[in-house]
Amino acid sequence: MFWSKRPETFNTPRQIVGNFKCERTLQELEEFPSNFIKTSRYNVVTFLPKSLLLQFTRYANIYFLCIAIIQCIPVLSTLNPFSAIAPLVFVLGLSMAREGWEDYGRHVSDNEVNSTECIILKTRVPTISTWAELSVGDYVLVKKDESFPADLIVLSSSIQSGACYIETSSLDGEKNLKPKSAILESQELYKEIETYCEDAIRVEAQVPTQNLYELDASLFLPIGNGQQKKFQLTAKQLLLRGAFLRNTEWIIGLVVYTGQDTKIMRNADASRVKSSEIERIMNILILGILVVQITLSIITASFSSAWLHNYGGDSWYLEYTDFQPNLLSFYAFFSYILLYNTMIPISLIVSLEFVKVFQAYFIEQDEEMYVAQRNKFAKVQTTTINEELGQVEYIFSDKTGTLTCNQMEFKYCIIGNVLYGKEQSNTNNPVYNVDLKRQQTTKVHPESEVFQHSVFNFQDAELSAILKGEGSTGDMPINLNIASQDGKQKVTLSKQRNLIEEYFFLLSSAHECIIQYDKNQNASYQGPSPDEITLVDAAARLGFQFTGASASEQNFKILGKEKKVKLLKSFEFDSNRKRMSVIINDNGVIKLYIKGADNIIKDRLLPDQLFLNEIINYLDDFSKIGLRCLLMATRVLSHEEYQEFDHAYNNLPDNETRASELEKLTSNLERQLTLLGASAVEDKLQPLVPETIADLLKANIKVWMLTGDKLETAENIAKSCRLIQGDFTVMRLAVPSVEECKKKLGDIQDTYDLCIKENRKKSIVVEGSSLQFVIDNEDLAQAFVSMAKDCESIVCCRVTPKQKADVVRLIKDRLNKITLAIGDGANDVNMIQAAHIGVGLYGNEGMRAVQSSDFALGEFRCLWRLLLVHGHWNYIRIAEMVLYFFYKNMIFTVPQFFFSYFCAFSGQSYFDDWYITFYNLIFTALPLIMRGTFDQDINYRQYCQYDQKEEVANVQRKQEQYLRLKFPSLYYVGQNKTIFTIPNYMLWAFNGLVHGMIIFFFVLWITDYEIVQNTGESSSLAPFSLTVYSCIILIADLKIAIHTKFWTWFNFISITFLSILLYIIYVIISNFWPGTMMEYTPFTMVGTPHFWLSIILIGAIIGGLEAIQAEIIREFFTDPATEILNKVKVFEHNLNKWVENQEKIARQDSFWAGIYKQKEAVDEQELVRFSGSQQ
Amino acid sequence: MQAQPKGFSYAFKQQIMKAWQPVPTLNSTIILFAMMSLFFLIMGIVLISYSNDIATQEFQYDSYCLAQESECVIQIALDSNYKSPVFFYYQLTNFYQNHRRYVKSKSPSQLSGTDLSESELDECDPVVTNDDMGKSLSVTNEPLKGDDKAIPCGLIAKSYFNDTFALFQVVNNTKKEIQISGTGIAWPSDLDGRYKNIDKNRQWIDMEDERFMVWMRTAALPQFRKLWGKIDQDLDAGIYEVRINNIYNVSSFNGKKYIVFSTTNAFGGKNEFLSIAYICVGVVCCVVTLGFLIRKFLSKADQKKNR
């Protein structure tokens, strides 16, 4: 049925009628896409053409295709066509094989998914079907722990209230359960599988969107005698394809979106391909080389024309019949394009890919980036930008979950005018108060190893006394009256105890947490944010325990007594609203409970609040020590008021304006509040965050912290994680209007200039709204960036996810510096994608950040190693690799160029065809890849194993510690782009030119027509070419050997065996390769002294030049890495001598012992001096 | 302290493999250059002394032998004694044996004895048939058909150098012929079956002739020397007469023709460039060594002063 023409997607609002009998009409089938999912790109027939086409979207491949085509035209071709086609086929084949393999995997998983079984209810009879056969309007039965085959609207569930729980880890990575629920009316109709209503139901749904948490649809249920009633549906009724049903026996759902229309498929966006800066420059250089190649070809072709005109006709031995010099020199142009083609590094891209994959492997294997707590190693998701890790200039960091643990501790609460929680201990062993002990017996809080969002050390004797009703003096009368707007409903809180009860009841009621039980029936709370969990948890520990909820009810155990309230409405928290609220019916009293950010709630309070001033004072203090504060408030509604609201709510317009209408409606309701109290929660710092940030600042990386917190809190967290250090000048930018922003920026500019003059460190703290002025105004942005770029750190507070990305772009677009964004939550995704390098942390807020990142880490501290060690090394490796690649192609092409003069510019190839092919592909490939994989300028980990002796091992550890301290100061190498620069590139290219000329002309002068054998034979073209080629291989290997700073066995083997030995073997083979230029030559040639004398001479000259160059550079430019390495070498030498002497002393008899002891004392002094200098 | 895990795989993954990290210092550079200068000076002296032992002389003859297709006699004077074996070369200039059109114009399989048909000989373009080759008689003086394929075919074969030489020693006006042997002159590998006759009656030249083999090994540069023969006796200094069958035309492309006498030693023929290059490298290394040594002592003196 899949060959029928069905649309890929259906992009207009849809009307669905429940397909009770599960009969498929043709019309219906054609309207909506099938549930068959195809993520694969090719099939057997289309693979070859399609994937080839994809390959040729790369410019390099087009170029090489052109070359191959020219190669196949005999008049132009100078070489065996195979020798040009072979590498192209190899490179294309490799990429296509990878593509094919990946697509095969997609086919397998597609088939698996499409043939997964599901249960369709056909006239109430459960019938086994497959996912692929599912159609819009089908009734589907999903059982516990199964996944949903399409996007469904839940009609009923096994739970009486209609609630069900889903886990969406496959969609957004969030492991916590999300409550969903059927609307009450449909639950009634469909609660029994055997007997459910068979009347037609209808759904009107909007165009499917990407947003996982949005559903715009209404359900029309039969209410007898052919009438239907409309019910508005929300995301609460939406079950997503790919999510799992948990904690619920079964549900019945109606299929609304299928196949490509489902949320999961709409979210599967194409992966981005990032390319690094080095690669971009490299591509420009390749273009430059292309220009050089064409220029050289034109030059050679014009010389060819000159030669042909002067001598061509006279050289009878060439027998030009029908002699056309101009045409011939035109041919020569193409021939030389082919010959100089060796200048373009065809295999560079492939080699780079290999090296980067290996580098990624090392990053992923690094135990120092292992986080035991989460059992996570680092993960590399984009391998193409490894070296940019070594060039980072700006880090944009999220705060919550990145710098801080996102682990909250309930520190203080203010209820009424009283602050509770002053007495809590700061030790890690919490002293449980009486209530908590009672909780423990019911096992609500198992001390499991599972990560806990909340830490609870709170204790307050007065509070527990009041709660226990021990008539404490704290229980003073307050007489707070809360009345509904129309005065029909009224609640009075007469004493502090009532207020406290109301406060904690609010905490345990107004939230979106659910209770989750593990195998041992231990309960824990799960929720959208750790703040929320902490508050619910704290309330529970203090005796106000939330024990579960359904769509319409909340259950509590309050101070040991069961309590039930009706949950009427719940309005979720989001970053714009910054508040969440519930409406409950508590024994006939309808209350709105709300909690939210202080500035939001403050604006919505009734005038003349009893506690406002006191609470605000406390909050100011709290934010100074970096605590997160929320305000709690309530409103009482009369039944009439609620009815009115409910009516408006159910009759919201069913279109795009719905969301904003709803926003308006709720916003209206959440007014005229009465303040009850506030809470203060501490956000704990992640391990080693201050140390890491200090080192990053030392490495001259500017760290920006972006957070949604208020200015004071943000600044305090910044101080506690050493983003702002004692000697920093802090400038603050928090203004209400553009004009003031301009003025303030001017002031900041003055301070800033002063700092620059006095060489002081500085930091700017910016508030979200001011930041918006800056982003929106070009002049301000310019002024801001010009200052911000040199500030050691910047703190942006009160920023939205979008602003985070804007800030990143502000720097990225203006300064052309490498930026890195790190974050852990869904709100950081924008910023992670905007930056050059996106780093996601495995956090508690789900996997969205990790999924959209280039590198995923366990903790912030791993950034130290990722940037300062891996980044540093990878930059050096890649940069030198690219330079070397251009060099080695240069020395290979230069002899060809000069030879053209000696062969009358005729387009004769200087080298044997296959020798040309194998040069990049085999003989010089592996040493380069090995070097790019293993080279290190310096490693602080010098020892695989420490010495047996504790005292020596201690010195060794001390040395490691010392070297570790030095690493930030080495970071400049990549950051200032010191290796891959245009002058450096010119130097290497010039080196290549000179070396190529030395090789060519020395061999020319040595073996031109001189007699090369003692048996009198003179040289000829093939031996000449063989000698030059051998020299080139030797020099290419010599050069890489000189530049290898870290010789592992792999480097050694790759140079000796995989380059030189392979070459020797091929030379032997080529002696027998019929029809080639080299046939019958090598065996005789290697017996001639001239061959070896030339190689030795050229090796010595170029080696000597390199050594002199290196020595001069060393004398005049000190390289910190080498300096450190030298120091280490000397130190190690001393250490070894000392150890040796110690051993000797042990062996010597008493006569010698005295003498050695003297010597040892001297050595030890030296050692002490060295370790002293390390401090 | 936790126990350190051991093993290669750990060291590999953590990038702390045992490795050699050479740190070049002034001392190591001085030692390197000292050793290099020693080696190259010694080698240079050896090479130059060997090279000086070699007797060699060349004589241009195309300017004397102006008449084509005729015998031409020139008298030459050898300045020194030549020890056996003496090698006799001809040398051509401005002749581009390495021209692309020329180099490829041969059929390696035909040369090695495979009787290929005409259509398989397109490598030989533009010289495929006997007419193209301009030959009508085979080596064995059988007539050759004009439109038959030429064996061997191709430009290289066609332009075979066909001047012949006879050498006479002139002692007191008597002329004694000195044999110039045409065997043992080809590139040793070329004798291992690279050239095989197919049917001498259809061939216009003997492909197993070593002079042919020497010609077929195309030269690297437009000025080249090829071995024509070997003289297995000593040649004393004195007057000699060379009778040249002067057929080969070089004047059309401004070429020159020479004959060359030379002896060899273990390092081949006379090669002044090589020996001079070795000595130069040795001297330069010596200077560099001294320079670095001075630098070293200066910096030591500096250090002492600073103390």
Side-chain angles (χ1 to χ4, degrees), chain A residues 78 311 314-319 321 362 365-367 902-904 906-908 936 939 941 944-946 1002 1005-1006 1008-1021 1024 1045-1048 1074-1075 1079-1081 1083-1084 1088-1090 1093 1097 1100-1101 1104 1107-1108 1110-1111 1122 1125-1126 1129, chain B residues 4 6 11 13-17 19-24 29 32 36 40 87 91 96 98-103 108 126-127 155 159 185 187-190 192 194 217-227 230 249 252-253 262 264-269 271 273-274 277-278 281 285 288 292:
Chain A
T78 53
Y311 301 103
D314 297 333
S315 300
W316 54 267
Y317 54 91
L318 295 176
E319 285 206 1
T321 46
F362 284 131
Q365 291 296 329
D366 196 328
E367 62 161 16
F902 293 97
C903 70
S906 58
Q908 172 58 34
Q936 308 175 350
N939 190 346
R941 292 188 68 179
C944 186
Q945 277 167 274
Y946 295 114
F1002 272 68
W1005 291 327
I1006 292 169
D1008 52 357
Y1009 53 67
E1010 305 291 352
I1011 302 144
V1012 296
Q1013 289 244 60
N1014 58 352
T1015 49
E1017 287 84 8
S1018 53
S1019 178
S1020 65
L1021 180 55
F1024 185 21
K1045 283 166 252 155
F1046 193 77
W1047 283 83
T1048 63
E1079 196 189 4
Y1080 293 109
T1081 301
F1083 277 16
T1084 305
T1088 64
H1090 277 67
L1093 289 173
L1097 180 69
I1101 291 173
I1108 293 170
E1111 188 57 48
T1122 323
L1125 209 57
N1126 266 327
K1129 286 272 139 113
Chain B
Q4 286 283 316
K6 295 166 190 179
K13 286 176 185 168
Q14 302 310 320
Q15 308 193 65
I16 46 171
M17 270 184 290
W20 175 53
Q21 271 183 290
V23 182
T29 316
L32 176 79
M36 265 173 42
F40 278 92
F87 297 98
Q91 179 180 326
Y96 286 88
N98 57 12
H99 196 281
R100 177 168 152 232
R101 185 178 168 84
Y102 188 85
V103 169
V127 182
L155 279 178
S159 57
I185 58 168
W187 191 259
S189 331
D190 289 350
D192 301 341
R194 188 173 193 177
R217 182 164 273 278
T218 48
L221 302 167
Q223 168 172 332
F224 57 87
R225 241 172 229 187
K226 282 183 185 289
L227 193 53
K230 219 160 88 179
N249 174 18
S252 69
F253 52 84
S262 178
T264 63
N265 61 31
F267 293 110
N271 199 332
F273 178 80
L274 191 63
Y278 266 72
V281 170
C285 285
V288 170
F292 282 141

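In the text below, chain A, chain B and the rest are named by the order of the sequence lines, each starting its count at 1. Side chains are part of it too, since the values below use all heavy atoms of this structure and drop only hydrogens, waters and symmetry mates.
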Check: [Y] main-chain N/O paired with [X] side-chain donor or acceptor under 3.5 Å:
X: B:Arg101; Y: A:Leu318; result: yes
X: A:Tyr317; Y: B:Tyr96; result: yes
X: B:Asn98; Y: A:Phe902; result: yes
X: A:Glu1079; Y: B:Pro108; result: no
X: A:Ser906; Y: B:His99; result: no
X: B:Thr264; Y: A:Thr1015; result: no

Measure [X] against the heavy atoms of chain A and call it side chain, backbone, both or neither at under 4.5 Å.
X: B:Phe253; answer: both
X: B:Met17; answer: both
X: B:Phe273; answer: side chain

To the closest 0.5 Å, what do you measure between [atom1] ([X]) and [atom2] ([Y])?
X: B:Asp190; Y: A:Thr1084; atom1: CG; atom2: OG1; value: 7.0 Å
X: B:Arg217; Y: A:Ser1020; atom1: CZ; atom2: OG; value: 4.5 Å
X: A:Phe362; Y: B:Gln15; atom1: CZ; atom2: CD; value: 5.0 Å
X: B:Leu274; Y: A:Phe1002; atom1: CG; atom2: CZ; value: 10.5 Å
X: B:Tyr102; Y: A:Cys903; atom1: OH; atom2: SG; value: 14.5 Å
X: B:Tyr278; Y: A:Ile1006; atom1: OH; atom2: CD1; value: 7.0 Å

Please name the pair of heavy atoms, one in [X] and one in [Y], separated by the smallest distance, quoted to 0.1 Å.
X: A:Leu1097; Y: B:Phe40; result: CD1-CE2, 3.9 Å
X: B:Ser252; Y: A:Trp316; result: OG-CD1, 3.1 Å
X: B:Trp187; Y: A:Ser1018; result: CZ3-O, 3.5 Å

Counting only heavy atoms closer than 4.5 Å, note whether A:Phe1024 contacts chain B via side chain, backbone, both or neither.
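Contact with chain B: side chain only.
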Is A:Tyr311 in contact with chain B via its backbone, its side chain, both, or neither, using a 4.5 Å heavy-atom distance?
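For A:Tyr311, the side chain is the part near chain B, not the backbone.
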In terms of heavy-atom pairs under 4.5 Å, which option from [options] contacts chain A the most?
options: B:Ala266, B:Pro188, B:Cys285, B:Ser159; answer: B:Pro188
options: B:Ala277, B:Pro126, B:Pro24; answer: B:Pro24
options: B:Leu227, B:Val288, B:Val281; answer: B:Leu227

Within a strict 4.5 Å, meaning less than it, do heavy atoms of the B:Phe292 and A:Glu1111 side chains meet?
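Yes; the side chains approach each other to less than 4.5 Å.
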Would A:Glu319 and B:Leu155 count as a side chain to side chain contact (heavy atoms under 4.5 Å, CB included) if you check the C-alpha gap in whole Å, the side-chain angles of each, and the deciding distance to 0.1 Å?
CA-CA 8 Å; A:Glu319 285 206 1; B:Leu155 279 178; 3.8 Å; yes
With a 4.5 Å cut-off on heavy-atom pairs, point out which of A:Lys1045, A:His1090, A:Gln908 contacts chain B the most.
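Highest number of heavy-atom pairs under 4.5 Å: A:Gln908.
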